[in-house]
Chemist: 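Shown below is the structure under consideration.
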Amino acid sequence: VQLQASGGGLVQAGGSLRLSCAASGSTFSINAIGWYRQAPGKQRELVAGISSGGSTNYADSVKGRFTISRDNAKNTMYLQMASLKPEDTAVYYCNAEITYYSEGYSYTNDYWGQGTQVTVSS
């Protein structure tokens, strides 16, 4: 199973971007998902997440501006970002807890996408 993130780029402050993260591979199901970010010199932090039960949570710094969602039919997760600020500049990573099935067994692991750069200019 692999996660492929896309959608990053350069945007002016106040602009919007939508990040996507598609899962691919053999038979699997996606449980909890999340978007993280890491700015230069800082630790990776959780931006938004959806639990396996469907509840969402957001970092205080992005509440009201970012929206996380998922399309189970497409095995894809999204992060819609609006009213972007220069402090949102970071590499954004998608993360998913995925259960995959092989030869009658199931395996649950944590997967990361490759990261996509978001740069917000002032």
Side-chain angles (χ1 to χ4, degrees):
V1 179
Q2 292 184 328
L3 297 181
Q4 181 71 39
S6 61
L10 173 64
V11 64
Q12 288 188 332
S16 299
L17 279 175
R18 189 177 79 156
L19 305 182
S20 301
C21 180
S24 61
S26 56
T27 306
F28 62 89
S29 60
I30 300 174
N31 305 321
I33 63 171
W35 285 95
Y36 291 72
R37 68 186 180 188
Q38 188 167 19
K42 295 187 177 181
Q43 290 188 330
R44 189 174 298 188
E45 63 173 353
L46 176 65
V47 176
I50 301 180
S51 71
S52 56
S55 60
T56 58
N57 64 290
Y58 295 91
D60 288 342
S61 59
V62 307
K63 282 181 181 176
R65 300 188 298 121
F66 290 12
T67 302
I68 187 172
S69 62
R70 61 192 290 176
D71 184 332
N72 292 331
K74 296 181 179 180
N75 291 319
T76 301
M77 66 180 80
Y78 304 96
L79 184 68
Q80 180 67 50
M81 305 184 293
S83 302
L84 283 161
K85 304 175 181 180
E87 50 264 43
D88 294 318
T89 295
V91 178
Y92 284 71
Y93 298 89
C94 54
N95 171 267
E97 180 189 87
I98 293 175
T99 298
Y100 68 94
Y101 307 90
S102 177
E103 298 180 346
Y105 293 91
S106 64
Y107 306 86
T108 298
N109 289 317
D110 206 43
Y111 293 86
W112 290 89
Q114 84 283 14
T116 184
Q117 176 71 47
V118 172
T119 303
V120 184
S121 62
S122 57

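Hydrogens, waters and symmetry mates play no part in the numbers below; they use all other heavy atoms, side chains included.
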Chemist: What distance separates Gln80 CD from Leu19 CG, expressed to the nearest 0.5 Å?
Modeler: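 Atom-to-atom, Gln80:CD and Leu19:CG are 8.5 Å apart.
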Chemist: Is the side chain of Asn95 donor-acceptor paired with the backbone N or O of Asp110 at a distance under 3.5 Å, no angle test?
Modeler: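 No: the side chain of Asn95 does not pair with the backbone of Asp110.
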Chemist: With no hydrogens and no angle check, do the side chains of Ser106 and Thr99 hold a donor and an acceptor under 3.5 Å apart?
Modeler: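 No, Thr99 and Ser106 have no side-chain donor paired with an acceptor closer than 3.5 Å.
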Chemist: Where do Asp88 and Phe66 land on the side chain to side chain contact (heavy atoms under 4.5 Å, CB included) test, with the steps shown first?
Modeler: CA-CA 11 Å; Asp88 294 318; Phe66 290 12; 3.9 Å; yes
Chemist: Side chain to side chain contact (heavy atoms under 4.5 Å, CB included), that's the test. Do Arg18 and Ser69 meet it? Break it down for me.
Modeler: CA-CA 11 Å; Arg18 189 177 79 156; Ser69 62; over 6 Å; no
Chemist: Between Arg70 (side chain) and Ile30 (backbone), is there a donor-acceptor pair under 3.5 Å?
Modeler: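 Between the backbone of Ile30 and the side chain of Arg70 there is a qualifying donor-acceptor contact (under 3.5 Å).
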Chemist: Evaluate the side-chain proximity of Ile98 to Asn31: yes if any heavy-atom separation is below 4.5 Å, no if none is.
Modeler: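 No, every pair of side-chain atoms sits at 4.5 Å or beyond.
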Chemist: Is a side-chain N or O of Thr89 found less than 3.5 angstrom from the main chain of Val120, in a donor-acceptor match?
Modeler: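 Yes, the answer is positive, given that a donor and an acceptor are paired below the 3.5 Å cut-off.
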Chemist: Could you grab the distance from atom CD of Glu97 to atom OG of Ser52, nearest 0.5 Å is fine?
Modeler: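 Here the interatomic distance stands at 7.0 Å.
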Chemist: Rounded to the nearest 0.5 Å, what separation is found between the OG1 atom of Thr56 and the NZ atom of Lys63?
Modeler: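 Spacing of OG1 (Thr56) from NZ (Lys63) equals 9.5 Å.
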Chemist: Might you point out which heavy atoms bring Ser29 and Tyr101 nearest each other, and give the distance in Å?
Modeler: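 Between these two residues, the closest heavy atoms are OG-OH, 3.2 Å.
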Chemist: Answer whether the closest heavy-atom distance between the side chains of Ser61 and Arg37 falls below 4.5 Å.
Modeler: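 In short, these two side chains touch, coming nearer than 4.5 Å.
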Chemist: Report the C-alpha distance between Tyr100 and Asn109 in whole Å, list the side-chain angles of each, state the deciding distance to 0.1 Å, and finish with yes or no for side chain to side chain contact (heavy atoms under 4.5 Å, CB included).
Modeler: CA-CA 8 Å; Tyr100 68 94; Asn109 289 317; 3.6 Å; yes
Chemist: Which residues pass the ring-ring contact (aromatic ring centres under 6.0 Å, His included) test with Tyr36, not counting sequence neighbours?
Modeler: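 Tyr36 satisfies ring-ring contact (aromatic ring centres under 6.0 Å, His included) with Trp112 once adjacent residues are dropped.
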Chemist: Output all residues satisfying salt bridge (Lys or Arg N to Asp or Glu O under 4.0 Å) with Arg44, sequence neighbours left out; order by chain, then residue number.
Modeler: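 Per chain and number, Arg44 pairs via salt bridge (Lys or Arg N to Asp or Glu O under 4.0 Å) with no residue.
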Chemist: Which atom names give the shortest non-hydrogen contact between Ser16 and Ser83, and what distance separates them?
Modeler: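 Of all heavy-atom pairs spanning Ser16 and Ser83, the closest is OG-N, 4.4 Å.
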Chemist: Working to the nearest 0.5 angstrom, can you tell me the gap between Tyr92 OH and Ser6 OG?
Modeler: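 Here the rounded value is 15.0 Å.
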Chemist: Could you check whether atom CD of Gln2 has more than 12 heavy atoms from other residues, nucleotides or ligands sitting under 6.0 Å from it?
Modeler: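 No, because the 6.0 Å sphere around CD of Gln2 holds 12 heavy atoms or fewer from other groups.
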Chemist: Locate the shortest heavy-atom distance separating Ala39 from Ala90; write the atom from each residue and the value.
Modeler: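 Looking at all heavy atoms of both residues, the shortest contact is N-CB, 3.8 Å.
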Chemist: Could you go step by step and tell me if Gln114 and Gln4 meet the side chain to side chain contact (heavy atoms under 4.5 Å, CB included) rule?
Modeler: CA-CA 7 Å; Gln114 84 283 14; Gln4 181 71 39; 3.0 Å; yes
Chemist: Under a 3.5 Å distance rule, please check whether Thr119 uses its side chain to pair with a backbone N or O of Leu10 as donor and acceptor.
Modeler: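 The answer is no, because no donor-acceptor pair under 3.5 Å joins these two groups.
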Chemist: Can you confirm whether Ile68 sits close enough to Val47 that some side-chain heavy atom of one is under 4.5 Å from a side-chain heavy atom of the other?
Modeler: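 SC-SC contact between Ile68 and Val47 ruled out.
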Chemist: In Å, rounded to the nearest 0.5 Å, how long is the span from CE of Met77 to CG of Leu3?
Modeler: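 Going from the CE atom of Met77 to the CG atom of Leu3 covers 5.5 Å.
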Chemist: What distance separates Leu17 CG from Leu84 CG, expressed to the nearest 0.5 Å?
Modeler: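 If I round to the nearest 0.5 Å, the distance is 5.5 Å.
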Chemist: Are Thr67 and Tyr58 linked by a side-chain donor-acceptor pair shorter than 3.5 Å?
Modeler: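 No donor-acceptor contact under 3.5 Å links the two side chains.
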Chemist: Would Val118 and Val91 show up in the same hydrophobic cluster when neighbours are defined by side-chain heavy atoms closer than 4.5 Å?
Modeler: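 No; tracing contacts between hydrophobic side chains, which count when under 4.5 Å, never links both residues.
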Chemist: Tyr93 and Gly115: which non-hydrogen atoms are nearest, and at how many Å?
Modeler: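 Looking at all heavy atoms of both residues, the shortest contact is CD2-CA, 3.5 Å.
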Chemist: Using the rule that Ile, Leu, Val, Met, Phe, Trp and Tyr join whenever any side-chain heavy atoms are under 4.5 Å apart, tell me whether Tyr78 and Trp35 fall into a single cluster.
Modeler: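 Different clusters.
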